[in-house]
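Comments concern the structure below.
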Amino acid sequence: MTQQLAVAPTPIRTAAPTAPAAPRTPSLGTAGLVTVLLGAFLPMLDFFIVNVALPTIDRDLAAGPAVLELVAAGYGIAFAVLLVLGGRLGDIFGRRRLFVAGAAAFALTSLACGLAPGAWSLVAARAAQGASAALLIPQVLGTITAATDGARRGRALSIYGAVGGISVVIGQVLGGMLVAADLFGTGWRSIFLLNVPFALLAVVLAVRYVPESRAARAARVDVPGTVLLTATLLALLIPLMEGHAAGWPLWSWALLALFPVLAVTFALVERRAERRGDTPLVPPTLLRIPEMRRGLGIALPYFAGFGGFMFVIAVALQQGLRLGVVAAGWALVPMAVGYFAASLSSPRLIGRWGSRVLSAGAAVQAVGLAAIALTVLADSAHFSALRMAPGVALAGIGQGLIGTPLFRVVLSKVPAARAGVGSGVLATSQQASLALGVATLGTLYLSVSPGLGMGRALALCLGIQMVGSFTILYLTTRLPRSIG
């Protein structure tokens, strides 16, 4: 009995109509990456570059302590409260378009800062400059997330993290040099006027080299969420950054008491909006991504400690050791070198050791802070920039091993369609934490140093930052070992 194989006739295949595929975002090339990193460098530089110029601004404009605080705080507050909105606008209208608009606005507002005729006009220009930075920065992270993938995205985010850390240190060094140089008689104004040509260069390069990207579905702006988030951050940051200079009046305590109420209300409104099918400003489902949630938990103590350290050490060097602006800036060069070296090596180290790199960074940072604290406590009368250099270098290495991979951790699992809002949430956490660190540790140092003296007050602030390092060390153990 023979077995026959029945062969079915081959059907004639016709091309079935298919839905058009969504256009893929072109890849971000090297020139485009350099362009967006230039756009990121300028706003982050300006967060700290003004610190060393404040005494000169006070003498020139007769500003007074409270107004000087607003010159520094106005930028940071506007920057922090509008960042998530900037990310959403990039998702809707296109990230390159918003990058170009933000860079142009940053050039214009920097010019206004440099030409400000009085203290209050400088405060207004600084707030406008912070708002333009909030428009610009989320497009950088959003473009990197949407227009790169795999190992290239990891390298780009690592470089972004390195640029962020280096810009803070360079801001202190460059600010002191520019004020001391008094270029063309501009004095402190040069720290703002220098932004103008570089921001305009970023505009020209972006039009040519940065690909356009946007979310597949354009969501409307979440007006209630935007208003509540702005009110929540203002209720926290304004009293912390202005309360000390104003003598802690009743309104500062009232705002601090209002902060948790506004924060809970914001969370409830966002959750309700997402359940209705709307697109909230900060989608709760985005925060359910483990890497996003845990990375933001690390970001708070890391950036708060970093911002507080940079402010406190600058004040201690200038007021405690009576160093000039240039010498105080150069004292932080070992930190910049250590941070840069750690940033360059971190992508390779992450590929081999994963999240253990962040754990090692937290430990190294704690050792560096302890070394500085022990040095100043042992002999505060002879404490100097040279004696603190080893501890500063170690702290910089530790910060580089944490900060550079952190952006990669937080954004590693964020879908490309949510790149803008994810980047805005991360950037808001970064800037709000930096401002929080400056406000809390800075206020603590200024409050206790007259009674304790420079050495003990500095050691106290360093000890608090060490607690933050140990918190980071614990949180890094909860990250997945492999980082995408």
Would the number of heavy atoms belonging to other residues, nucleotides or ligands and lying under 6.0 Å from CZ of Arg271 be above 12? no
Donor-acceptor pair, distance only, cut-off 3.5 Å: does the side chain of Thr145 make one with the backbone of Gly142? no
Within this structure, what is the CG-OG distance for the pair Leu193 and Ser110, rounded to the nearest 0.5 Å? 8.5 Å
Test item: Arg189 side-chain N/O and Ala116 main-chain N/O as donor-acceptor pair under 3.5 Å: yes
Got a second to check how far Leu82's CG is from Leu135's CG, nearest 0.5 Å? 9.0 Å
Under 3.5 Å, is there a donor-acceptor pair between the side chain of Arg294 and the main chain of Leu479? no
N/O donor-acceptor pair under 3.5 Å between Gln365 side chain and Gln399 backbone: no
Could you pull out the closest heavy-atom pair between Val163 and Leu37, with the gap in Å? CG1-O, 4.2 Å
Other residues, nucleotides and ligands only: do more than 12 of their heavy atoms fall within 6.0 Å of CZ on Arg275? no
N/O donor-acceptor pair under 3.5 Å between Arg293 side chain and Arg288 backbone: yes
Minimal heavy-atom distance between Val364 and Leu394, with the atoms involved, is CG1-O, 3.4 Å
So, the side chain of Arg95 versus the backbone of Val140: is there a donor-acceptor pair under 3.5 Å, distance only? no
Run the side chain to side chain contact (heavy atoms under 4.5 Å, CB included) test against Leu296 and tell me which residues pass, sequence neighbours left out. Leu287, Met292, Val410, Val425, Leu426, Ser429
Straight-line distance of Thr428 OG1 to Phe79 CZ, nearest 0.5 Å: 9.0 Å
